[in-house]
J.: 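Below are the structure tokens for one structure; questions will follow.
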Number of protein chains: 2
Amino acid sequence: MSRVKEKDTSTEERILEAARKVFTQKGYAATRTRDIAEEAGINLALLNYYYRSKEKLFELVMSEKVEQLFGMLLPVISDAATGLQTKLEKTAEVYIDNLIKHPDLPLFVLSEIRQNPHWISSKIPVAAIFRESSFVRQVKEKRPDLNPIHFLLNILGMCVFPFVTRPVFTGAGVIKEKDFKKVMEERKKLIPIWMKTMLET
Amino acid sequence: MSRVKEKDTSTEERILEAARKVFTQKGYAATRTRDIAEEAGINLALLNYYYRSKEKLFELVMSEKVEQLFGMLLPVISDAATGLQTKLEKTAEVYIDNLIKHPDLPLFVLSEIRQNPHWISSKIPVAAIFRESSFVRQVKEKRPDLNPIHFLLNILGMCVFPFVTRPVFTGAGVIKEKDFKKVMEERKKLIPIWMKTMLET
DNA sequence: GTCTATAGTAAGATAGAC
DNA sequence: GTCTATCTTACTATAGAC
């Protein structure tokens, strides 16, 4: 089925793939449909032929990305079969591995949600899943004195924040682009250890 | 000098203040000069009369905000007169107090820098200041085995990340808007304690 | 300094040929 | 399905009256 030529993907898919790239890099407001068409190597009119409008195309991409970002976390913290320490290890591993491949993802999703909070409230019942997760139960057991949200903020902050600030720190020369991946690989091991000590302090 | 009327501020300043508000809320690409004019309660033409163009006005605001965000951190970590633990306490205090007042600041600056890294590279010599800071020296003393950048990422992640994700977590109902400030006040005390244990693990 | 009116342009979307 | 050409709108910026 797939030709040896360069394009074994359909035009429709090529446009969507281009949209993923341009939207996540520049955000909704700053991208022009012409950018996407060019990136996809097709004409502007085809974009509207397949996806009707810029907004409709964006909604497809945004839904995917929200799903992707929260889809990493929720199964891990909800898994009743694992202990707390395993959850912390898995969370660090999943986020760091995935964000090394998709470094623009968090800043993109966070920026767009800020301007349109409906994206989060309507999509996934994050609040309910979190509150009823075994993660919350397990944290409460260990630290009944503290709001469990602190530990969610801590692990996500330590894993995700470096990706959000990467353009800043590499741009400023605080971290070299080459070293960034190495630092994050180190963190994958360190964060669960640090989290453990925090839970005991 | 100041009239009892509502405007003891000049038109020029009112426009700038409106620009601060709109730009930081919506980002450069999504704000229209008409939004700023309306927010300032003046006519569109006056914006160009005082500030020449949208871009020039933006540059003023952006410079301020970059300065503001890094200006909180750099003096604290560079202060040769304080110990490491004091630096951690001060950092948490300064960031959390200031970001409670300006919650949009970090996401705004991070988003705009992503799309225009020149903003960071040209402004402040962050890398040099960081490398030569007494913070780095003190961390290296305690933990010669680890890259000091880890601890900068940790404290900033724990302090700043909650503000970056606030729209997500409040939008999703994970944290109630009312509780957010309380949680951050708790963190102001907890983060230095947690950081201390991390440095010893 | 401040306004109204408008010029100029850029961007999203569509018509219609092939 | 894919293209070129064009319509329409929305936005930045300016000209000119007061």
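Owing to the predicted nature of the structure, the values given are computational and were not obtained by experimental measurement.
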J.: Under 3.5 Å, sequence neighbours excluded: what are the donor-acceptor pairs made by side chains of residues 45-52 of chain B?
T.:
unit_1	atom_1	unit_2	atom_2	d
Asn48(B)	ND2	Arg52(B)	O	3.3
Tyr51(B)	OH	Glu12(B)	O	2.7

J.: Rounded to whole Å, please give me the gap between CG in Leu46(B) and P in dG16(D).
T.: 18 Å
J.: Show every salt bridge (Lys or Arg N to Asp or Glu O under 4.0 Å) that has at least one partner inside residues 71-94 of chain B, sequence neighbours left out.
T.: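 Residue pairs with at least one partner in residues 71-94 of chain B: there are none.
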J.: Could you tell me, to 10°, how much the axis swings from one end of the helix from dG1(C)-dC18(D) to dC18(C)-dG1(D) to the other, five pairs per end?
T.: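 Roughly 10° between the end axes, to the nearest 10°.
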J.: Does this structure show an ion pair linking Asp35(A) with Arg32(A), if we count only N-O contacts that are shorter than 4.0 Å?
T.: yes
J.: With sequence neighbours excluded, tell me which residues meet side-chain contact (heavy atoms from CB on, under 4.5 Å) with Lys21(B).
T.: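 Only Gln25(B), Glu39(B) meet the side-chain contact (heavy atoms from CB on, under 4.5 Å) criterion with Lys21(B).
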J.: Could you give the CG-to-P distance, from Leu44(A) to dC3(D), as a whole number of Å?
T.: 11 Å
J.: For residues 127-136 of chain B, which residue pairs qualify under salt bridge (Lys or Arg N to Asp or Glu O under 4.0 Å), counting only residues two or more places apart or in two chains?
T.: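 The answer is none; no pair qualifies.
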J.: Could you check how far CD1 of Ile42(B) sits from C1' of dC3(C), rounded to whole Å?
T.: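 Roughly 11 Å, once rounded to whole Å.
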J.: In residues 150-158 of chain A, what donor-acceptor pairs under 3.5 Å come from side-chain atoms, sequence neighbours left out?
T.:
unit_1	atom_1	unit_2	atom_2	d
His150(A)	ND1	Arg187(B)	NH1	3.1
His150(A)	NE2	Glu186(B)	OE1	2.7
Asn154(A)	OD1	Arg187(B)	NH1	3.2
Asn154(A)	OD1	Arg187(B)	NH2	2.5
Asn154(A)	ND2	His150(A)	O	3.3

J.: Taking all heavy atoms of Arg114(A) and all of Pro167(B), pick out the closest pair and write down the distance.
T.: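 For Arg114(A) versus Pro167(B), the nearest heavy atoms are CA-CB, 3.9 Å.
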J.: Quick one: salt bridge (Lys or Arg N to Asp or Glu O under 4.0 Å) pairs with a partner in residues 95-105 of chain A, sequence neighbours left out?
T.: Asp97(A)-Lys188(A)
J.: Sequence neighbours left out, what passes ring pair (Phe, Tyr, Trp, His ring centres under 6.0 Å) with Phe135(B)? Give chain and number order.
T.: none
J.: Considering only heavy atoms, which members of residues 16-39 of chain A lie under 4.0 Å from some atom of DNA chain D?
T.: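 Per residue number, the list is empty: none.
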J.: Any idea which of dT2(D), dA15(D), dC3(D) is nearest the Ala45(B) side chain?
T.: dA15(D)
J.: Please collect all side-chain hydrogen bond (donor to acceptor under 3.5 Å, both in side chains) contacts where either partner lies in residues 162-176 of chain A, sequence neighbours excluded, each pair once.
T.: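 Output for this query lists Arg166(A)-Glu177(A).
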J.: If you take any heavy atom closer than 4.0 Å to DNA chain D, which residues from residues 47-57 of chain B end up in contact?
T.: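 Per residue number, the list reads Asn48(B), Arg52(B), Ser53(B), Lys54(B).
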J.: Among all residues two or more places apart in sequence or in another chain, which pass the side chain to side chain donor-acceptor pair (under 3.5 Å) test with Glu13(B)?
T.: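 Residues passing side chain to side chain donor-acceptor pair (under 3.5 Å) with Glu13(B): Arg20(B).
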J.: In whole angstrom, what separates Asn43(A)'s CG from dG12(C)'s P?
T.: 14 Å
